[in-house]
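Some notes on the structure that comes next.
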Amino acid sequence: MGKPPLFFSNLCIRKSPNPVQNTNPQNRFRNRSFCNDKIDGQCEEFGKNLQNTDVVFAQEISNVIQTRPRWEQTLLSDIPGVNFVDPNVYNEVLKQQKNVLLSVRFYYWVGSQNGFSPDPVSCNMIFSRLVEAKAAIAAKSFLEETKFEPEPGCLESYIGCLFENGLVEEALDVFERLKMAGHSVSLKTWNSAMLQSVKAKRVEIVWKLYSDMLEREVVGDVDTIGYLVQAFCIENKVAEGHKLLQQVLEVGHVPSNSAFNKLISAFCKSGDYAKVSALLHTMIAKNCSPDIHTYQEVIHGLCKRRMRHEALRIFNTLKDRGYFPDQVMYTTMIHGLCKMKWLGDARKLWFEMINKGIFPNEHTYNVLINGLWRTGNTEEAEKLYKNMCERGYGEFIVSYNTMINGLCLNGKLDEAHVLFDQMAEKGIVPDTITYNSLIQGFSKRGKISEGRYFLDQLLKQGLQPSTASYTVLIEKLCEAGNVGEAKAFWKDMVDRGVEPAVSAHDAMILGLCEQGNVAEGMEWLGTMLKSRLKPQKQTFERLVQCLSKADKLSDALFVLDYMLKMGFEVSEYIFLSLVKKLCQDNSSHFEMCFGRILERSRGS
DNA sequence: GTAGGGTTAG
């Protein structure tokens, strides 16, 4: 492996003309004003027959329902002489009343009066309000209850509202409904549906929407293509996404930053830095500056691929060139530094961000606390945890797991147990990571029965165990000479579809050797080699020793030969013990075999 | 857009 390419030439990190993020006007904003225009238009329409007294009554009613919590019981007597079921009056009330909840309550209250039948105008008004307030579920049940036919424009806004609330199937139904009504949905709505699907990573919906668009002969724009590029990235079809982007660029269009960012993120992950660099250059050339999110992807991608030095270099260059890293970027960088165990630099960044007025959030706290635990800075970790709790970030599953794992790593088992109990009191449900930390922490320190207990609890909670749930326990049982129980756990693990760790194989072989059961040890070695798993040097050596001790010289030499072929360097004492054995036995045949093996290993 | 495990190679 050569050095990582220095792809960030000066050109790529341009001094940001406006380091503050670009604010992209969201579609929903436009929808909202569109929705209001509609309502006001409707109101104007029946304003024609409106009399002054109606407006005055409406004001009185509005006043009462806004100020009296239980107005439903008194409204009739409070304002005598009003015909509440007169559409002019109640529509005027709905118009005046900006509070969605009160509007709905008033609507239902009027509905409970005799002689009332909802008219489409008021239904549409209530429905629009609910959509505007993003109350998707309320809007949906209102629609089902009243069974009125909303304005197509309102239904379009409703689609966005449903998408934002994750009610994808319902949103697609509304698309169908508009299609049946012969209404052609605006590109804005198609695009916002696609955007929501991309955000929810529902790629299949993106493709469905796009094929519907084609079917209805709706021509997409550069935003549409941007969403398709992102969809390709989510599906890991980065090359196709990249090709599509290049096609749009050739025609002279430039998609939004997020399409570029997704591609950059994907190429960072696959380590294709030449493409990352090219994309950054393209962005700059097309006057679509890389923003803080773009560089955030780059730094995150580099940290993920353990190119943290490079990430730090870019992070510092960005600061030099006038960018202002935000909370997320600082957190990502501190995380990278903690992984490198560069706690000094991590601390420096921590204080730097605070000095700049950017305060650590629960992510930042967790990253640093975890780094402190992993480097044995126990006192500082505990202090920072206390500080985090004071800020109200202490009661998340992740913060508990960070602490429990950190305490376990540092042998503070009792404290870990206390926190585990505290979780139950706070109603935070432990997950596999919580249990794994405890199983490993206790088992590693020889507390096998506690380890066994936590594994048992994990399974009793119906959680799916992972490789790590069993590994240390099996290793420790083998070390303690309890190979039988280790085998039972092994079987349980395999039955549950969990892949045993390579090191667990090694542990089993060593355990069997210690028990004097070399023959079975050899069987396990055979299984390992057949599965192309690489045993540890120690495993081979222990087998050679035990085999020679059991006078199985032929097997011992076979194992020795195998390990040399796998490129291991054999410890001197192993050779010495073999030579001693051969001298004792005075066997010229094995001596010859041994000599040949040695010759070959020297030759290679 | 960021966090906890394990992963890896050393």
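Residue numbers start from 1 in every chain, and the chains themselves are labelled A, B, ... in the order their sequence lines are given, proteins ahead of strands. Treat the numbers as computed from the prediction; the structure is a model and nothing was measured.
- In this structure, CD of A/E475 is placed 13 Å from C1' of B/dG6, rounded to the nearest angstrom.
- For the 3.5 Å distance criterion, the side chains of A/S399 and A/E362 fail to qualify, holding no donor opposite an acceptor.
- Distance OH (A/Y470) to P (B/dG6): 16 Å, rounded to an integer number of Å.
- Atom-to-atom, CD1 of A/I292 to C1' of B/dT2 comes out at 13 Å; the value is rounded to the nearest Å.
- To the nearest angstrom, P of B/dG5 lies 13 Å from CD1 of A/I369.
- Of the inter-residue distances, the one linking A/D456 atom CG with A/Y435 atom OH reads 10.0 Å to the nearest 0.5 angstrom.
- Distance from the side chain of A/H293 is smallest to B/dG1 among B/dA3, B/dG1, B/dG6.
- The CZ atom of A/F454 sits 18 Å away from the P atom of B/dG5 (whole-angstrom rounding).
- Between the P atom of B/dA3 and the CG atom of A/N405 lies a distance of 16 Å, rounded to the nearest Å.
- At a cut-off of 3.5 Å, with distance as the only test, a side-chain donor of A/T375 or A/N377 sits close to an acceptor on the other residue.
- Toward the 5' end of DNA chain B, the nearer of the two residues A/E297 and A/A501, judged by each one's closest nucleotide, is A/E297.
- The pair A/K208-A/E204 fails the salt-bridge criterion, with no side-chain N (NZ, NE, NH1 or NH2) lying under 4.0 Å from an Asp/Glu carboxylate O.
- Using the six-membered ring where Trp is involved, A/H417 and A/F454 have ring planes that are tilted, between 30° and 60° apart.
- Residues of residues 417-451 of chain A that place a heavy atom closer than 4.0 Å to DNA chain B, in numerical order, are A/D431, A/I433, A/Q440.
- Across the interface with DNA chain B, nearest-nucleotide mapping of A/T332 and A/S466 shows A/T332 to be the residue nearer the 5′ end.
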Considering only nitrogen or oxygen atoms on both sides, find all protein atoms under 3.5 Å from nucleotides 8-10 of chain B and state each distance.
unit_1 : atom_1 : unit_2 : atom_2 : d
B/dT8  : O2     : A/R306 : NH1    : 3.4

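- Listed nucleotides B/dA3, B/dG6, B/dT2 differ in distance to A/R374; the shortest reach to its side chain belongs to B/dG6.
- Distance, A/K534 NZ to B/dT7 P: 16 Å, rounded to whole Å.
- Residue A/I334 is out of contact with every strand shown, counting any heavy-atom pair closer than 4.0 Å.
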